[in-house]
Amino acid sequence: MGAEFGAFLASYAQAPRAGLRLNIPVSNFDFEISNWTPVPWCASGYLLPSGTETELARHPYHAAGAYYLQEPSAMAPAEVLAPRAGERVLDLCAAPGGKATHIAALMQNTGLLVA
């Protein structure tokens, strides 16, 4: 890791941050999200304020699939893969399905995703 090793090691001393990925357009979302921090590598991802994840996990929008509580680092694989509409994708690590639903969203729910 070279020169980045110190920053990497220091990251383990930081408190973990909960994340959330929207499955609907942000314009359709009626939560107040101004205190959420966008995840730099995921247009639909947000870092949540500390202590809000339990409340959000119990909300009916979560049960309805409007958003998915997901570790921000777990949002990176689908973004790096960058699947497009109509493609065929095989996801061999699909449990519980957060990355698979992210891939499907990036594919605009077209093509074939085998998870």
Side-chain angles (χ1 to χ4, degrees):
M1 295 182 75
E4 295 177 347
F5 182 72
F8 172 75
L9 195 57
S11 73
Y12 283 101
Q14 297 174 359
R17 296 285 309 267
L20 173 147
R21 187 175 42 78
L22 291 177
N23 290 322
I24 61 173
V26 72
S27 59
N28 294 351
F29 203 66
D30 64 1
F31 267 101
E32 176 54 51
I33 64 169
S34 63
N35 60 342
W36 297 0
T37 305
V39 172
W41 55 89
C42 180
S44 59
Y46 294 88
L47 293 169
L48 300 173
S50 183
T52 60
E53 58 272 12
T54 301
E55 173 189 344
L56 289 167
R58 294 179 179 155
H59 197 282
Y61 283 175
H62 182 255
Y67 57 83
Y68 187 79
L69 295 168
Q70 186 174 35
E71 166 67 36
S73 64
M75 299 174 194
E79 294 292 329
V80 170
L81 179 64
R84 291 187 222 116
E87 290 186 336
R88 291 179 277 178
V89 176
L90 175 61
D91 180 355
L92 294 175
C93 298
K99 290 181 215 50
T101 59
H102 191 176
I103 291 168
L106 291 172
M107 293 171 64
Q108 300 171 12
N109 298 316
T110 65
L112 176 67
L113 171 60
V114 177

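The chain is numbered in sequence order, starting from 1. Just so you know, these numbers use all the heavy atoms, side chains as well, and skip hydrogens, waters and symmetry mates.
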Aromatic ring pairing Tyr67/Tyr61, orientation class (parallel under 30°, perpendicular over 60°, tilted between):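 It falls in the perpendicular class, over 60°.
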Relative to each other, are the rings of Phe5 and Phe8 parallel, tilted or perpendicular (30° and 60° limits)?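 Geometry flag for Phe8 against Phe5: tilted rings.
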Atom of Met75, atom of Gly19 and distance for their closest heavy-atom approach: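 Reported closest heavy-atom pair: CE-C, 4.3 Å.
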Contact summary for Pro83 and Ala78, nearest pair of heavy atoms: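 Minimum heavy-atom separation between Pro83 and Ala78: CD-O, 3.4 Å.
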Nearest 0.5 Å please: distance from the OG1 atom of Thr52 over to the CG atom of Leu20.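 Here the rounded value is 8.5 Å.
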Output a table of donor-acceptor pairs, distance under 3.5 Å, between side-chain atoms of residues 38-48 and any protein atom two or more places apart or on a different chain; print 'none' if there are none.
from  : atom 1 : to    : atom 2 : distance (Å)
Trp41 : NE1    : Pro72 : O      : 3.1

Would you list the atom pairs, donor with acceptor, under 3.5 Å between side chains in residues 102-115 and any protein atom, with sequence neighbours excluded?
from   : atom 1 : to     : atom 2 : distance (Å)
His102 : NE2    : Glu79  : OE2    : 2.9
Thr110 : OG1    : Gly86  : N      : 2.9
Thr110 : OG1    : Met107 : O      : 2.8

Taking the side chain as C-beta and beyond, is there a heavy-atom pair between Thr101 and Arg21 under 4.5 Å?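 In short, these two side chains touch, coming nearer than 4.5 Å.
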Under 4.5 Å between side-chain heavy atoms, hopping through other hydrophobics if needed: is there a path connecting Tyr12 to Met1?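 Both belong to a single hydrophobic cluster.
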Using the rule that Ile, Leu, Val, Met, Phe, Trp and Tyr join whenever any side-chain heavy atoms are under 4.5 Å apart, tell me whether Trp36 and Leu69 fall into a single cluster.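 Yes, it is one cluster - the side chains of Trp36 and Leu69 are joined through contacts under 4.5 Å.
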